[in-house]
Amino acid sequence: MKRLIHVCAAAILAACAVTAMPALAASQLKAAPASLNPGLAYVLVRLGERSEGLWNRLTLAPYDEPAADIRGYGRAKANPVPPRTDRRIAVSPKPFLAEADHVRTYLMEVNAGLYVIEASPTTCFCLGSYSVYLAPGVITDLGFIYIAPENGTSPWAALSELRVAADIEMRGYTLPDAMAIVPPANDTPVPDGLAGLPRTPAAYRPAERFGNHQGLLINRALPIGGGK
């Protein structure tokens with residue numbers, strides 16, 4: 001009988017431990033929530049079309065600012081994210097909250113913390129990007145992010161004149177993406193249902209070189225606002 005009690009107690013403690021552990025939170029929402037979970041963070045971002053009919057993807061990763069690297073990798077290997085928390089946030093073409101003028105607006109529900117804007121599908125912006133703190137219980141508005149190959153084909157003004165060396169451009173597999181970040185303005189529209197929820201513009205901080213831990217092409221983000 002005592003053994004049974006001990007076994008039941010151990011099972012209850014194990015269940016409580018699992019319950020208390022941070023959960024994998026990254027979820028791309030298809031509709032505005034009625035309210036925000038005070039224990040989670042929310043990311044609002046508008047991604048411009050990569051080219052006609054082709055939508056971009058974006059990856060954010062937990063960032064260790066003192067070590068200047070992705071948590072759990074390279075110089076920040078000794079500082080991994082806790083078990084069962086998000087190691088990366090991937091914004092995909094669907095689902096999205098709104099689409100207008102070749103821009104889709106996305107809302108992600110994630111674990112709170114400091115993140116770096118890490119990569120597009122082909123390119124790690126590890127030669128220089130930006131970090132942002134995602135606070136719990138609030139929507140952090142990243143503004144607009146435009147990504148396109150650095151070969152002068154982008155429909156967006158901030159990227160349209162950027163070109164790499166001719167020999168690199170001729171070999172498509174070595175052609176990196178360029179990225180421009182334009183923070184939200186006071187009059188930047190938000191999708192229906194979000195206007196009444198707590199929301200704050202992203203406080204971007206420069207993130208110097210960090211590791212290319214996905215083995216992608218490399219580049220640096222343009223200065224905030226899309227300047228060259």
Side-chain angles (χ1 to χ4, degrees), residues 24-38 40-62 86 88-123 125 129-149 154-160 177-205 221-227:
L24 291 170
S27 176
Q28 192 162 317
L29 305 182
K30 60 183 178 180
S35 61
L36 303 182
N37 184 329
L40 297 175
Y42 295 79
V43 186
L44 180 66
V45 61
R46 303 158 191 82
L47 295 182
E49 243 180 358
R50 185 177 180 87
S51 59
E52 186 69 31
L54 182 61
W55 294 96
N56 267 311
R57 299 171 184 265
L58 182 71
T59 302
L60 287 74
D86 302 317
R88 279 188 173 86
I89 299 171
V91 183
S92 301
K94 292 182 179 181
F96 53 91
L97 296 189
E99 179 181 335
D101 300 324
H102 305 283
V103 173
R104 281 182 177 173
T105 302
Y106 303 92
L107 183 66
M108 302 289 294
E109 184 180 64
V110 304
N111 293 122
L114 183 66
Y115 289 81
V116 66
I117 298 179
E118 182 190 21
S120 72
T122 68
T123 304
F125 299 103
S129 186
Y130 296 92
S131 66
V132 60
Y133 180 70
L134 306 180
V138 66
I139 297 170
T140 300
D141 192 339
L142 301 187
F144 296 83
I145 297 182
Y146 304 102
I147 303 171
S154 173
W156 304 107
L159 306 178
S160 61
D177 280 345
M179 178 175 69
I181 300 171
V182 180
N186 292 335
D187 59 351
T188 298
V190 296
D192 294 341
L194 296 187
L197 297 175
R199 180 169 44 90
T200 186
Y204 287 108
R205 295 170 57 90
L222 293 175
I224 288 291

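By convention here, the first residue in the shown sequence is residue 1.
- Between the side chain of Ser129 and the backbone N or O of Ile117, at least one donor-acceptor pair lies under 3.5 Å.
- In terms of modelled atom types and a separation under 3.5 Å, the side chain of Trp156 and the main chain of Ile145 share no donor-acceptor contact.
- Between Pro184 and Val190, the closest side-chain pair of non-hydrogen atoms is not below 4.5 Å.
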* Show your reasoning for whether side chain to side chain contact (heavy atoms under 4.5 Å, CB included) applies to Phe125 and Val116. => CA-CA 10 Å; Phe125 299 103; Val116 66; over 6 Å; no

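- Between the side chain of Asn56 and the main chain of Gly48, a donor-acceptor pair closer than 3.5 Å is present.
- Across every non-hydrogen atom of Ile224 and Pro183, the tightest pair is CG2-CG, 3.5 Å.
- Within the 4.5 Å cutoff, side-chain heavy atoms of His102 are placed close to those of Glu52.
- Between Glu99 atom CD and Glu49 atom CD the span is 7.0 Å, to the nearest 0.5 Å.
- Using a 30° and 60° split on the angle between ring planes, Phe96 and Tyr106 fall in the perpendicular class, above 60°.
- Residues Ala41 and Ala112 approach most closely at CB-CA, 3.7 Å, considering heavy atoms.
- Atom CG of Leu194 is separated from atom CG of Leu44 by 6.0 Å, given to the nearest 0.5 angstrom.
- Side chain of Arg46 to main chain of Arg104: no donor-acceptor pair is present (N/O by atom type, distance under 3.5 Å, no hydrogens or angles).
- Between the Gln28 side chain and the Pro95 main chain, a donor and an acceptor come within less than 3.5 Å of each other.
- In this structure, CG on Leu40 lies 11.5 Å from CG on Leu134, to the nearest 0.5 angstrom.
- Between the side chain of Asp86 and the main chain of Arg88, no donor-acceptor pair closer than 3.5 Å is present.
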* **side chain to side chain contact (heavy atoms under 4.5 Å, CB included) between Thr200 and Thr140, worked out** => CA-CA 5 Å; Thr200 186; Thr140 300; 4.2 Å; yes

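- Proximity of a side-chain donor or acceptor of Asp177 to a complementary backbone N or O of Ser120 within less than 3.5 Å is not detected.
- A pairwise comparison of heavy atoms in Lys30 and Leu97 identifies C-CD2, 3.6 Å as the closest pair.
- No side-chain heavy atom of Leu47 sits less than 4.5 Å from a side-chain heavy atom of Trp55.
- Between the OH atom of Tyr130 and the CD1 atom of Ile181 there is a distance of 6.5 Å, given to the nearest 0.5 Å.
- Considering all non-hydrogen atoms of both residues, Ala180 and Leu222 come closest at CB-CD1, 3.9 Å.
- Leu58 places a side-chain heavy atom less than 4.5 Å from the side chain of Leu60.
- The main-chain N or O of Leu36 is never found under 3.5 Å from a side-chain atom of Tyr42 such that the two would form a donor-acceptor pair.
- One N or O on the side chain of Tyr204 and one on the backbone of Leu142 form a donor-acceptor pair closer than 3.5 Å.
- For the pair Leu107/Pro33, a side-chain contact is recorded, criterion being any heavy-atom separation below 4.5 Å from C-beta on.
- A distance of 9.0 Å separates CD1 in Ile147 from CG in Leu159, rounded to the nearest 0.5 Å.
- Between Val91 and Met108, the closest heavy-atom pair is CG2-CG, 4.0 Å.
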